[in-house]
Amino acid sequence: MGAVTPRIARIGLRMRRVLVTTALESSWPDEEPVLFLGEWCRRFSRRDRWSNLDHEVLTYHWDDRFVFAKDFRYVSRLYERILVDLAYTLNRLLLVDHGIRYWRILIGPWLRQFIEILCDRWRSIECVVDRAEVSYTIVLDGSQSVVVPMDIAGFIPLYSSEGWNHGVYAAILEHFPQVECRHRRGETSATSMPPPAPLRPSWKREPRVAALAAWSQAAARQVCENGVVLVAPYMSWSDELAVHLRFRQVPLIWDLVPQATPIGESRTREWSLSGHPTDPFDQFLREMIPVHIPFVYSDGYPELMATVDESLWPKKPRLIFTSNAHIGNDLFKAWAAQCVEDGSQLVVGQHGGMFGNLKFCSHEDHDRAISDAYLTWGWTDPNDARAKPVGQLFGLKPLTLAHNSQERAVLVTVTFPQQAYREMSVPIAGQWLDYLEDQFKFVEALPEHIRSALLVRLFPHDNGWEQVERWQCRWPEIELDPGDQSIHNLIAKSRVYIVSYNGTPFHESLALGVPTIMYWNPEHFELRDAAAPSFSHLERAGILHYSPVSAAKKVAEIWDDPDGWWASTQVLSAVSRFSEEQNQSPDSIVDRVAETLREIMDAPKPGFDT
């Protein structure tokens, strides 16, 4: 086993240190003692630099999950008030008259996430003031340049960048005079408007895909009004086309239809957000929104709507069904919001294994708030009739393979951004290092012959954690897959498939009938009360573990005959019960979706805020 890299305990100390808010080393002092605001300041590849500093890392505020739960509820209430005030402001500014649901569909994903991110950063600075003694902090002059994203897709790389976060912390510190800010010349590397983000996937143009794209573009011009429109429904293309045929419509894949991208240049903003702040963070947030709101929601709104008018989407569909486009595709959201105000129904499908079972998940809250109906993979909600179980939309069926003949154990891992980016019951910020340590403990607990057969599937998005380097430092002999191989090929070729987090991968492997072991820290991946009984079926059968060592022991126990274990009465019963409650596999997902959409169209519409 490789050497363990020392890790400083994250504790707050009462001694005078220089506060460092990001990994931008130009904002670090030369020799004085340092207080790093969080683990994101300490790049693994730069450990030779920071390990030689006299430094500590501030205890992260959301390590206390009670505080996290309290802030989740606070942000939820604040978001609703800000949404109303921002809708009123934008209506007056843009000379339009749209209701709350319209603005919730269009700007809700960005607004909720922006509030969550700023609340996290604000809490970090509050903790510095409350827990530590700092002499000063260095603010780079470049942080005064505000980067305005073109759209929500352009916002994603910003909130993960060091320069954007350095600027946000500098803005927050202006509200905390207890911390002296000393300015230093230096660039933050985030000083220009990002280029327009693509509003649709860039598919590999294989001949069959190119033919389907050409057909879809031609068919889009023939689409009739008052029909059903499917955009990114999280189904296979063949199933997506089949749903169209169930409604006797021209089949096409809307994701393959080229759509224009609104372009423009952000102008000076002199407007302010209406309403009355109730606390200092609320006040700060209202100052930041007019500065940071994406171009297409404010000064670029006319260009956005002109692009919608030029698009090939029908003007008056009866129903719109999506599972992915309602978050990151602003052109789709503007079109859908307009259609909804004109009477169309909006149906959103579940698009991740965490939905329906995480204790806190603002992403799911938004999905359900904007939709006339929410199609789930199997779960229901007695308090929300909009949740309608149809089964896992990707339509996977058992592989019927002999996994005893396979040689590989495959461990699937995940990363999250280094700083909080969304309020969910997952490892947040530096808690990911605790998650990674659990993976190392799992590997260490495996017998040598299984460890040598292990392939670790890294998450395709590194999020700045330098996964490869960390694994090679700790376990240089373990084979790593950086996320290049097809996950379904890995599943099919695995003797035992091991999932280390609550998400989509184990839902897929259970549907495919692959011997699966799951484990995670229940204090990070908290389950909601309604979902806990479903997961207890898996725990009692030895499929789900809440300790990496326990999971490793189970892998060793079943290694000689994983197929026999998977076919045992206890395991079959547990998987069957979980699948019925959380992960259904209907005989035909096409028929189930089509029937449910018809029922939704025939049912009375739920009420929404206007």
| So F68 and H61, side-chain contact (heavy atoms from CB on, under 4.5 Å) or not? Walk me through it. | CA-CA 8 Å; F68 172 71; H61 49 277; over 6 Å; no
| said: Working note: N91 + W103, criterion side-chain hydrogen bond (donor to acceptor under 3.5 Å, both in side chains); need CA distance, chi angles, decisive distance, verdict. | reply: CA-CA 10 Å; N91 277 334; W103 290 113; 3.1 Å; yes
| field | CA sep, side-chain torsions, deciding dist, call: M150, V296, side-chain contact (heavy atoms from CB on, under 4.5 Å) | value | CA-CA 6 Å; M150 172 66 70; V296 295; 4.1 Å; yes
| task | For Y301 and F295, run ring-ring contact (aromatic ring centres under 6.0 Å, His included): C-alpha distance rounded to whole Å, both residues' side-chain angles, the deciding distance at 0.1 Å, then the answer. | result | CA-CA 7 Å; Y301 179 80; F295 171 75; over 10 Å; no
| task | Just do the side-chain hydrogen bond (donor to acceptor under 3.5 Å, both in side chains) check on Q584 and S579 with the steps written out, would you? | result | CA-CA 5 Å; Q584 296 175 10; S579 298; over 6 Å; no
| field | Criterion ring-ring contact (aromatic ring centres under 6.0 Å, His included) on Y234 and H351, from CA distance to verdict | value | CA-CA 7 Å; Y234 204 57; H351 50 101; 7.3 Å; no
| query | Passes ring-ring contact (aromatic ring centres under 6.0 Å, His included), W164 versus Y159? Steps please. | reply | CA-CA 6 Å; W164 188 86; Y159 69 66; 7.2 Å; no
| Criterion side-chain contact (heavy atoms from CB on, under 4.5 Å) on L319 and V229, from CA distance to verdict | CA-CA 6 Å; L319 182 146; V229 178; over 6 Å; no
| task | Step by step, work out the side-chain contact (heavy atoms from CB on, under 4.5 Å) result for E526 and L358. | result | CA-CA 6 Å; E526 302 106 317; L358 288 186; over 6 Å; no
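Ring orientation note: the planes of F155 and W110 are nearly perpendicular, at an angle over 60° on the 30°/60° scale. Under the 30°/60° scheme for interplanar angles, the aromatic rings of F355 and H363 are found to stand perpendicular. Note: Y374 and W379 have tilted aromatic rings, judged against thresholds of 30 and 60 degrees for the angle between ring planes. Relative ring orientation between W465 and W432 is described as parallel, the plane-to-plane angle staying below 30° on a 0-90° scale split at 30° and 60°. Classification of the H175-F284 ring pair by plane angle, with boundaries at 30° and 60°, yields perpendicular.
Looking at S124, its side chain never comes within 3.5 Å of a backbone N or O of G38 through a donor-acceptor pair. E508 places no side-chain N or O within donor-acceptor distance of the main-chain N or O of L396, the cut-off being under 3.5 Å.
A distance of 4.5 Å separates CG of L118 from CZ of F114, quoted to the nearest 0.5 Å. Rounding to the nearest 0.5 Å places CD1 of I115 at 12.5 Å from CE of M288. With rounding to the nearest 0.5 angstrom, the CD1 atom of I289 is 8.0 Å from the CD1 atom of I107. The CG atom of L90 sits 8.5 Å away from the CG atom of L273 when rounded to the nearest 0.5 Å. Atom CG of D120 sits about 9.0 Å away from atom CG of D71, to the nearest 0.5 Å. Rounded to the nearest 0.5 Å, atoms OH (Y102) and CG (D97) are 11.5 Å apart.
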May I have the list of side-chain donor-acceptor pairs in residues 416-423 shorter than 3.5 Å, sequence neighbours left out?
residue: Q418; atom: OE1; partner: R43; partner atom: NH1; Å: 2.0
residue: Q418; atom: NE2; partner: G464; partner atom: O; Å: 3.1
residue: Q419; atom: OE1; partner: R121; partner atom: NE; Å: 3.3
residue: Q419; atom: OE1; partner: Y169; partner atom: OH; Å: 2.6
residue: R422; atom: NH2; partner: Q113; partner atom: OE1; Å: 3.4
residue: E423; atom: OE1; partner: R112; partner atom: NH2; Å: 3.3

For residues 213-220, dump all side-chain donor-acceptor pairs below 3.5 Å to protein atoms at least two apart in sequence or in another chain.
residue: W215; atom: NE1; partner: P251; partner atom: O; Å: 2.7
residue: S216; atom: OG; partner: L212; partner atom: O; Å: 2.9
residue: S216; atom: OG; partner: I253; partner atom: N; Å: 3.0

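Two rings, from Y501 and Y435, have their centers 6.0 Å or more apart.
Looking only at atom types and distance, the side chain of T22 has no donor-acceptor partner in the side chain of N165 under 3.5 Å away. For the residue pair D151 and Y297, no side-chain donor N or O sits within less than 3.5 Å of a side-chain acceptor on the partner. For the residue pair D365/Y79, the side-chain donor-acceptor check at 3.5 Å is not satisfied.
Under the salt bridge (Lys or Arg N to Asp or Glu O under 4.0 Å) criterion, R81 pairs with D282, not counting sequence neighbours. Under the rule for a salt bridge (Lys or Arg N to Asp or Glu O under 4.0 Å), the partners of E126 that lie at least two apart in sequence or sit in another chain are R123. For T307, the side-chain hydrogen bond (donor to acceptor under 3.5 Å, both in side chains) criterion is met by no residue, not counting sequence neighbours. Here D384 pairs with R368, R386 under the side-chain hydrogen bond (donor to acceptor under 3.5 Å, both in side chains) rule; sequence neighbours left out. In this structure S362 satisfies the side-chain hydrogen bond (donor to acceptor under 3.5 Å, both in side chains) test together with E116, sequence neighbours excluded. Judged as a side-chain hydrogen bond (donor to acceptor under 3.5 Å, both in side chains), and not counting sequence neighbours, S371 has no contacts.
The salt bridge (charged side-chain N to carboxylate O under 4.0 Å, His left out) contacts involving residues 299-313 comprise R269-D299, where partners must be two or more places apart or lie in separate chains. Counting only residues at least two apart or in different chains, side-chain hydrogen bond (donor to acceptor under 3.5 Å, both in side chains) contacts with residues 312-324 are absent. Applying the salt bridge (charged side-chain N to carboxylate O under 4.0 Å, His left out) test to residues at least two apart or on different chains, the pairs with a partner in residues 223-252 are R246-D591. Within the structure, the side-chain hydrogen bond (donor to acceptor under 3.5 Å, both in side chains) test picks out the following pairs touching residues 339-349 (sequence neighbours left out): H98-E341.
No salt bridge links E595 with K388; every basic N to acidic carboxylate O contact stays at or beyond 4.0 Å.
Counting only heavy atoms from C-beta outward, the side chains of L346 and H326 never approach each other to under 4.5 Å. Taking 4.5 Å as the limit, some side-chain heavy atom of L527 sits within range of a side-chain heavy atom of N502. Side-chain contact between I320 and F332: present, with at least one pair of heavy atoms (C-beta onward) separated by less than 4.5 Å. You'll find the side chain of N329 stays beyond 4.5 Å of the side chain of Q259, heavy atoms only. Using a 4.5 Å heavy-atom cutoff, the side chains of F72 and W62 are not in contact.
Taking a 6.0 Å sphere around CG of D279, one finds it holds more than 12 heavy atoms contributed by other residues, nucleotides or ligands. By the 6.0 Å contact criterion, OH on Y88 is open, its count of non-hydrogen atoms from other residues, nucleotides or ligands being 12 or less.
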